[in-house]
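Labels below follow one simple rule: chain letters A, B, ... track the order of the sequence lines, proteins then strands, and each chain is numbered from 1.
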Amino acid sequence: MDARFEVIDAFVDGERVDAAALKHALSEPAGRDYLVDVWLLREGVQEEMSADTSAPPAMLRARAPRTWLFAAALIACVIGGYFIGYRVSGPVGPQAPVPPPITTTSPQAPAPLAAPVPTRVITVQFGTDAPASGGGE
Amino acid sequence: MTDVERFYADHRDGVFRYLRRIVGGPDAARDLTQEVFLRVSRAGMPDATEIGRRAWLFKIARNLALNHVRNGHRRPMPVELGEVVVPATQELGFALRTAIEALPALDRDVFLLREMAGLSYGEIATACEVTVETVRSRLHQARQSLRAALGPALDVREQRGVRCTPAPRDRQDS
């Protein structure tokens with residue numbers, strides 16, 4: 001890159017330059033062409049800037065609103081979720097102790113009662129009639 | 001009006017214009033402009049001259065813009081569909097926008113900080129964390145590249161004449 005004309009840039013940009021170096025650079029036709037082009041470039045930039053209608057923010061806000069909106073939405077979700085959960089499943093806390101199943105055990109359970117001893121034994125024989133005098137006794 | 005508010009009023013346009021070209025969309029540039037000045041208000045104004053403060057401000061802006069671009073949020077500047085039928089007076093502006101996009105990152109930064117924000121070479125050097133010599137060389141390189149890219153458009157413009165146009169800050173200071 002040809003650095004001979006850097007002095008022209010510096011001059012156009014308002015920097016202090018060596019007068020002899022500037023004269024020398026401008027003594028060349030290429031240097032003069034460069035000077036004109038630098039001005040044309042600047043003019044183009046200025047026009048491009050003025051054609052751009054977008055404007056900077058008018059006021060300095062405390063914080064970008066989107067951040068606040070996001071934080072507010074997050075807090076609302078957390079609080080809302082808590083209350084919905086509270087209503088659906090009741091208060092959150094230590095579970096009430098479940099009573100143990102009731103079992104009654106007696107240390108000395110009475111022995112099952114024995115069947116009474118029969119006082120009369122009736123023997124039934126298949127194929128014989130019932131006695132005539134009996135029946136209702 | 002506090003120091004920060006005055007600083008904001010003085011420099012928001014320059015910061016916005018610079019960020020607008022680096023990050024692409026105006027919405028992102030507005031958000032980043034806000035972020036730059038929020039950082040300024042949090043950090044407090046440095047104990048420096050106006051020039052030092054301006055360089056510090058644009059250093060913050062540049063770092064935020066670089067992070068934004070690095071995170072892949074950059075959108076190219078919109079180019080209107082009617083570009084081919086734009087009036088000749090606006091032709092250079094459209095071509096210039098495309099050519100600036102194509103510059104290497106540091107060359108683009110240096111050029112935009114000079115032409116859109118009006119920073120001096122010393123301020124640009126501080127903002128970009130390079131030497132003044134590097135600024136001088138990169139700026140020259142950027143202009144040579146733009147000149148080469150815009151050749152025909154510059155020739156057309158030259159026929160209309162040329163005018164001595166100061167950079168934004170130079171004009172404001174004068």
Side-chain angles (χ1 to χ4, degrees), chain A residues 1-26 28-71, chain B residues 4-5 8-9 12-17 19-21 25-27 29-31 33-35 37-38 40-41 77 89-97 100 111-112 114-116 120-122 132 136-137 139-141 143-147 150 153-154 157-158 162-168 170 173:
Chain A
M1 185 67 64
D2 187 355
R4 282 175 303 161
F5 303 141
E6 280 183 17
V7 66
I8 295 175
D9 288 289
F11 177 67
V12 168
D13 289 330
E15 301 286 321
R16 187 164 291 279
V17 297
D18 179 52
L22 180 64
K23 281 181 190 172
H24 180 71
L26 291 177
E28 297 180 44
R32 293 194 289 275
D33 282 348
Y34 184 70
L35 175 70
V36 169
D37 285 352
V38 169
W39 284 122
L40 289 173
L41 272 176
R42 175 161 296 166
E43 205 175 337
V45 171
Q46 305 281 322
E47 284 181 6
E48 204 262 334
M49 275 198 302
S50 58
D52 185 4
T53 53
S54 57
M59 298 285 288
L60 183 59
R61 296 189 299 261
R63 182 167 281 279
R66 279 189 289 190
T67 313
W68 278 113
L69 283 176
F70 178 74
Chain B
V4 174
E5 286 169 340
Y8 180 70
R12 68 175 179 199
D13 287 353
V15 170
F16 174 75
R17 278 197 302 261
L19 290 171
R20 170 96 171 87
R21 294 313 180 284
D27 291 337
R30 277 190 205 103
D31 284 350
T33 303
Q34 288 280 345
E35 186 60 34
F37 285 96
L38 282 174
V40 168
S41 68
M77 288 279 287
T89 51
Q90 292 178 23
E91 218 169 62
L92 180 62
F94 284 110
L96 188 59
R97 193 187 298 176
I100 290 172
F111 181 78
L112 292 177
R114 176 63 212 144
E115 295 293 347
M116 297 214 162
S120 69
Y121 285 13
V132 171
R136 190 183 288 260
S137 137
L139 193 52
H140 182 65
Q141 209 165 308
R143 281 177 174 146
Q144 291 277 36
S145 302
L146 292 175
R147 201 175 166 224
L150 301 173
L154 282 180
R157 179 54 65 95
E158 194 175 327
V162 62
R163 178 174 56 191
C164 172
T165 313
D170 299 338
D173 287 347

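- Here the side chains of A:R42 and B:R114 are in contact, with some heavy-atom distance below 4.5 Å.
- With a 4.5 angstrom heavy-atom cutoff, B:L150 touches chain A only via side-chain atoms.
- Residue A:F11 qualifies as open at atom CZ: its count of foreign heavy atoms under 6.0 Å is 12 or below.
- Atom CD of residue A:E48 and atom CD of residue B:E115 lie 12.0 Å apart, to the nearest 0.5 angstrom.
- A:E15 touches chain B through its side chain: at least one heavy atom from C-beta onward sits under 4.5 Å away, while N, CA, C and O do not.
- In summary, B:R143 and A:D13 engage in a salt bridge, as defined by a charged side-chain N under 4.0 Å from a carboxylate O.
- You'll find the side chain of B:R147 reaches within 4.5 Å of the side chain of A:D33, heavy atoms only.
- For the side-chain hydrogen bond (donor to acceptor under 3.5 Å, both in side chains) test, no residue two or more places apart in sequence or in another chain qualifies with B:R136.
- With contacts defined as side-chain heavy-atom distances shorter than 4.5 Å, the pair A:M49/B:R20 does not qualify.
- Heavy atoms closer than 4.5 Å to chain B are found in both the backbone and the side chain of A:V36.
- How far CG of B:L96 is from CD of A:E43: 11.5 Å, rounded to the nearest 0.5 Å.
- Residues satisfying the side chain to side chain contact (heavy atoms under 4.5 Å, CB included) test with A:A30, not counting sequence neighbours, are A:F5.
- Annotation: the span from B:Q141 atom CD to A:E6 atom CD amounts to 9.0 Å, rounded to 0.5 Å.
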